[in-house]
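Here is how names work: the chains are called A, B, and so on, in the same order as the sequence lines, proteins then strands, and each is numbered from 1.
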Amino acid sequence: MTKMGEGQGTSSTGSAPPGQLSRQRLLHLYRVMATIRRFEEVACQLLVDGKIPATLHASIGQEAVAAGVCEALEPADLIVTNHRGHGHCIAKGVDLKAMMAELMGKASGTNRGRGGSMHIADPAQGILGANGIVGGGIPIAVGAAYACRARESGQIVVCFFGDGAANEGGCHEAMNLASLWELPILFVCENNQYAEMTPQRVHTRVKDLSVRAGAYDMPGASVDGNDVVAVYAAVEAAVRRARAGGGPMLIECKTFRVRGHFEGDPQRYKTAEEVARWKEKDPLTLLKTSLTGPGGIPAGELEAIQQEIESAVREAVAFAEAAPLPSPDEVLTHVYAGA
Amino acid sequence: MTKMGEGQGTSSTGSAPPGQLSRQRLLHLYRVMATIRRFEEVACQLLVDGKIPATLHASIGQEAVAAGVCEALEPADLIVTNHRGHGHCIAKGVDLKAMMAELMGKASGTNRGRGGSMHIADPAQGILGANGIVGGGIPIAVGAAYACRARESGQIVVCFFGDGAANEGGCHEAMNLASLWELPILFVCENNQYAEMTPQRVHTRVKDLSVRAGAYDMPGASVDGNDVVAVYAAVEAAVRRARAGGGPMLIECKTFRVRGHFEGDPQRYKTAEEVARWKEKDPLTLLKTSLTGPGGIPAGELEAIQQEIESAVREAVAFAEAAPLPSPDEVLTHVYAGA
Amino acid sequence: MRELKYWQAVNEALFEEMARDDRVCLAGEDVAEPGGPFGASRGLLDKFGPWRVKDTPISEAAIAGLAVGAALAGMRPVVEIMFLDFMCLAMDQVVNQAAKACYMSGGRLQLPITIRTLCGAGRNNGPQHSQSLEAWLCHVPGLKVVWPSTPADAKGLLKSAVRDENPVVVIDSLSLWTSKSPVPEGEFTIPIGKAEVKRPGSDATVVAVGSMVPRALAAAQRLAAEGIQVEVLDLRTLSPLDREAILASVAKTHRLVIAHDAVKPFGFGAEIAAMIAEEALEELDARVKRVAAPYAPVPFSPPLEGAYYPQASQIEAAVKMLLGA
Amino acid sequence: MRELKYWQAVNEALFEEMARDDRVCLAGEDVAEPGGPFGASRGLLDKFGPWRVKDTPISEAAIAGLAVGAALAGMRPVVEIMFLDFMCLAMDQVVNQAAKACYMSGGRLQLPITIRTLCGAGRNNGPQHSQSLEAWLCHVPGLKVVWPSTPADAKGLLKSAVRDENPVVVIDSLSLWTSKSPVPEGEFTIPIGKAEVKRPGSDATVVAVGSMVPRALAAAQRLAAEGIQVEVLDLRTLSPLDREAILASVAKTHRLVIAHDAVKPFGFGAEIAAMIAEEALEELDARVKRVAAPYAPVPFSPPLEGAYYPQASQIEAAVKMLLGA
Ligand SMILES: Cc1ncc(C[n+]2csc(CCOP(=O)(O)OP(=O)(O)O)c2C)c(N)n1
Ligand SMILES: Cc1ncc(C[n+]2csc(CCOP(=O)(O)OP(=O)(O)O)c2C)c(N)n1
Ligand SMILES: [Mg+2]
Ligand SMILES: [Mg+2]
């Protein structure tokens, strides 16, 4: 666990975590991350090809956060995500076919075509929904955590949001409430350096967003979000704490949005220097290197995984392309429950 | 300056302030505080007598905050206040007659009867408005501070709000913005231990609300809000800093709402013990004792001031009672500027 | 039948629903320990314990979000936004989240949420504690909106709201808070989406809701003395509107007055008038008349507020005008 | 006359107003350094400097509050709420503060504020980036609401908004963003509160606004080929409504269609239909017809979204229906 900073004035779960993951689990993490990467690469191309309407917010470069966090969760646990949530959903177990169909607006999509990329929901996998409103999911996640606590379900909620979302009022209200009531929730702030075209320093004065935990008397930590093991270790400790009734925690994962805010964004605001710097920290490459390094596995093993991913993604695309579009006369279906 | 706590992880203006105030200024502070006390006592009675409609939120017991803060301001400086704002307005120089007339809904009231107690505004005195929406004034105050900075007017803005208001999302958004832009504003959180009938510990986990300053990389301090000299000293230092371009600060003033949330509130939720404890810390009594103590002024001098206040308040009541009510056919006047 | 005050009927409905279904919970400012800012939740904390009855910080967005999340995770939350004016602080959660989650998930998420709120109109509460913003909520597909006019309706509609699988906003009128009348004991629900003829008549229809209903009834009574028979249709539910009931009444009386406390332009009266102009124009023997507040914020001062809200006398005058009487 | 794209006309208006009056400033998400999320503020930062053109955090309530406070302290702020849907997060500042400060201070506070926002309808932006919520804002006394339909109108109305002494919400249609047509250079304003007959006609009136205007004009053109002369009234301003212009057109054509992208119930079409039912019922030779979205959130999927928004063909059909043609 690379600790990059820590909530000022807050206690922290900084005690050495059981950071050692079995090779099997590391391979699983690789599979998850590579799936996210490939799924999004393909989706971006489908957008260019006009097969996905509107736009996409790709999380390429941020895969270690999604994978590391969800690795620490049980299937029954819940997540709430944001507009850049493909990775979180994949890591939590969404069906690739149904998600790809949703991106294309198909009737067999996760949301029956009504939501699209920004609204993926799959309650069966504990995915309570992505969100097109920046910060909109944070109070919702706290509400879900309240239900888990009140009903003593033993579940944990993870709320994913961005550095930009941290400045929304609802984030403050929700964190205050969660800490006050000691709810079983982890706030995972995915700091990818930008909110749309605005870099962090232009929207926030604090450097480590985890210091905000102190405002609620809640522990906070900043971790290297491109190091999947570091992410996992931080979250695993926080999950144990929360499940034991210890209350919420804010974990900032420092990472980088490799692509534009939306697909097609010309990204004039990024410097070549920062792009190069973060390229060296590509989470997938880092994991690959460590897996295949001295004493590691043969590169061929990863190749095999990559092939499986390739066909799973292809299958998802084939399914989605073949899937029917919703019928125009169903425009009024699902406005109300059971209707 | 009694420092009761300090923003964790934030730098603070804790360096010894020029706390020594001339006797003249102390007498002035006494006059302001006693005026607030008397004005509100009389207003509460007028409410019982049916001469003031609806209800009132009295700030009795909190006068040292209003007086101490405004003593550190220039006439051109601006304040934004809340539903419990009579004291702030008096300390900033509102005309007692016009404010009393407003409480009665009279045409010669500060707001021509359209606003009432929760909406007192007097731009000529730098009073940009009270507010019926808890926390509603905080982003507005930041907007005013932005204008002061952008236009280089040299003015400072003070934003008064309660412990309860600190949990509104707008408070977070506004503080982040103010600190980011280093605006000339002081956030004065008047922690009177309650938000309506809910005590602080039930609405917030942190003890000192000033720790929240750290979330924005802004200094914060908690002071004894019943000690007018302490309040003045803390604010005076912060004002100097802000006027010199040092940016905002959060000052929590710990005090006590002596009366109910609204006039008529039976206050079953307060304990006799806490009422007694705070009674000993009555800000007006404390100041009186220190003024008339050994080497101090003769008690008669304060009596004389009290008499002057009595007649000023009486005059205000007489004016307000005699003032005309707005004409019902003016209900559409002032919806739009100049209309 | 025993009589209850309006707030007691609300309290009883909450008690009964929480006892019936342990997924029902309550949260809001001052609702637990203090028993509600106006008493509606008295006794609930003691009965149902600290995890089902929660005092919240002053955080309207989080309160509404709490409801959304809790509903998604299996509860049936009732939350309070103290005054309808404060709904402004919760609009994202109410409109962008609660109202849309079912649709935008293709029906996979469901939100059995009740949002209770008070309209403070008519009590000198001033511009930020008096607004009638119901038309906004009615314009949002995915929400339902009810507004009771009697203690019995308050009980029956609130119980139905709690049992509904969708987000329902229940607006109560502060000016009816201590009104008292018979309320059925125990199981008693009123269907959402159905209006009620509170007084039958043949000469003109007055459509009203909430605290306007007593004023409409008062006007009808005075007009009856002059031989004019007014039908008072209490909508009870504003969304979905009971279009059939409105059309049926207009088909009978051929004259329509709509009365509300909200400002006239773009208020709910507009929708009702438009519906008639669109679907039953031929039924009208006279222009439609809206009796509503002028296009101004709510003034504080009693003479201004008195001039602001429509009174029974204005409803009376409107009916007479339509009858050429 | 030289042609400009819609967004260029907005940009020009901002340039001119900021140059004319140094109290005019601009703030919002991505407006400064990036030149606006959609380019509307390109070049302003360089020209007017970092204190008059500000990038804000993602904090819609603070953005709207910034405008209120800056206006109270002597500036004439223009602020951006990126999409109309996000106005939900700023409603307290817009409705409880900006709209009411003048009234509730008895005219002692004035708020020359412009709030720019985009309506994303018709671009597969999904349920939270497409809403047409203009009727809400029109229901709020103290606000003004304009919605241009051409680049020239965008320039002229925005300039008027900036010069108005009251809070004005300017809604732009994303679907018109790159439309191009002649725009007068330099000083050119369009009065707030005045509708414009975009095409005269005698058989029926179609009232529309913003991106619905081109669809209404397309329908009118096709109907003209069949000998039906439709008058297209572009409201330009939704609040205050130009009641005279609407009444005059209906008095001429005796048939009224109102078209909008917002859901039909409680939309702005309701107010216009109600106004006619209330003030000019006798002028109507047929039922009023509203052509509007169905009562559902905006679906993402192209075939659903296509079925959702009213097209020119529906306006055409509505006019024919009213004419019994
Ligand atoms: C309430 C709201 N405001 C603004 C937007 C427009 N918007 C979409 S994404 C985004 C940036 C979000 O930044 P961040 O939270 O850091 O997430 P990231 O995109 O970097 O993953 C903005 C401003 C929105 N969707 N919702
Ligand atoms: C947005 C909003 N929510 C709730 C209320 C109701 N209310 C009025 S005062 C108050 C308590 C405010 O507490 P605090 O900020 O501590 O100020 P105090 O009354 O103690 O001075 C509440 C909840 C309101 N007026 N506005
Ligand atoms: Mg980001
Ligand atoms: Mg308080």
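- The interface of residues 306-315 of chain D with chain A, defined by heavy-atom distances below 4.5 Å, comprises D:A307, D:Y308.
- Contact annotation for residues 30-53 of chain D against chain A (heavy-atom separation below 4.5 Å, listed by residue number): D:D30, D:P34, D:P37.
- For A:H334, no part lies near chain D; criterion is any non-hydrogen pair under 4.5 Å.
- With contacts defined as side-chain heavy-atom distances shorter than 4.5 Å, the pair A:S117/D:F300 does not qualify.
- Atom OG of D:S59 is separated from atom NE2 of A:H203 by 9.5 Å, given to the nearest 0.5 angstrom.
- Proximity to chain A is limited to the side chain of D:P302, based on heavy atoms less than 4.5 angstrom apart.
- For D:Y295, the parts sitting under 4.5 Å from any heavy atom of chain A are the backbone and the side chain alike.
- For chain D, the nearby part of A:L103 is the backbone; its heavy atoms alone come within less than 4.5 Å.
- Heavy-atom pairs under 4.5 Å with chain D peak, among A:P326, A:G169, A:G135, at A:P326.
- When every heavy atom of A:S327 is checked against every heavy atom of D:L304, the shortest pair comes out as O-CD2, 3.4 Å.
- Annotation: the span from D:Q128 atom CD to A:H83 atom NE2 amounts to 12.0 Å, rounded to 0.5 Å.
- Neither the backbone nor the side chain of D:E305 comes within less than 4.5 Å of any heavy atom of chain A.
- The candidate from D:E29, D:M82, D:R123 with the greatest count of non-hydrogen atom pairs under 4.5 Å with chain A is D:M82.
- Atoms CD1 and CD, on D:I58 and A:E196 in that order, are 6.5 Å from each other to the nearest 0.5 Å.
- Proximity to chain D (any heavy atom under 4.5 Å) is restricted, for A:V134, to the side chain, taken from C-beta onward.
- Between D:D55 and A:M197 the shortest side-chain heavy-atom distance does not fall below 4.5 Å.
- The line from CG of D:N124 to OG1 of A:T55 is 11.5 Å long, rounded to the nearest 0.5 Å.
- Per-residue counts of heavy-atom pairs under 4.5 Å with chain D were compared for A:I133, A:V202, A:L325, A:N111; the largest is that of A:I133.
- The choice from A:K106, A:H119, A:R112, A:M118 that makes the most heavy-atom pairs within less than 4.5 Å of chain D is A:H119.
- Closest of all the heavy-atom pairs between D:P127 and A:G115 is CD-O, 4.2 Å.
- Both the backbone and the side chain of A:N131 have a heavy atom closer than 4.5 Å to some heavy atom of chain D.
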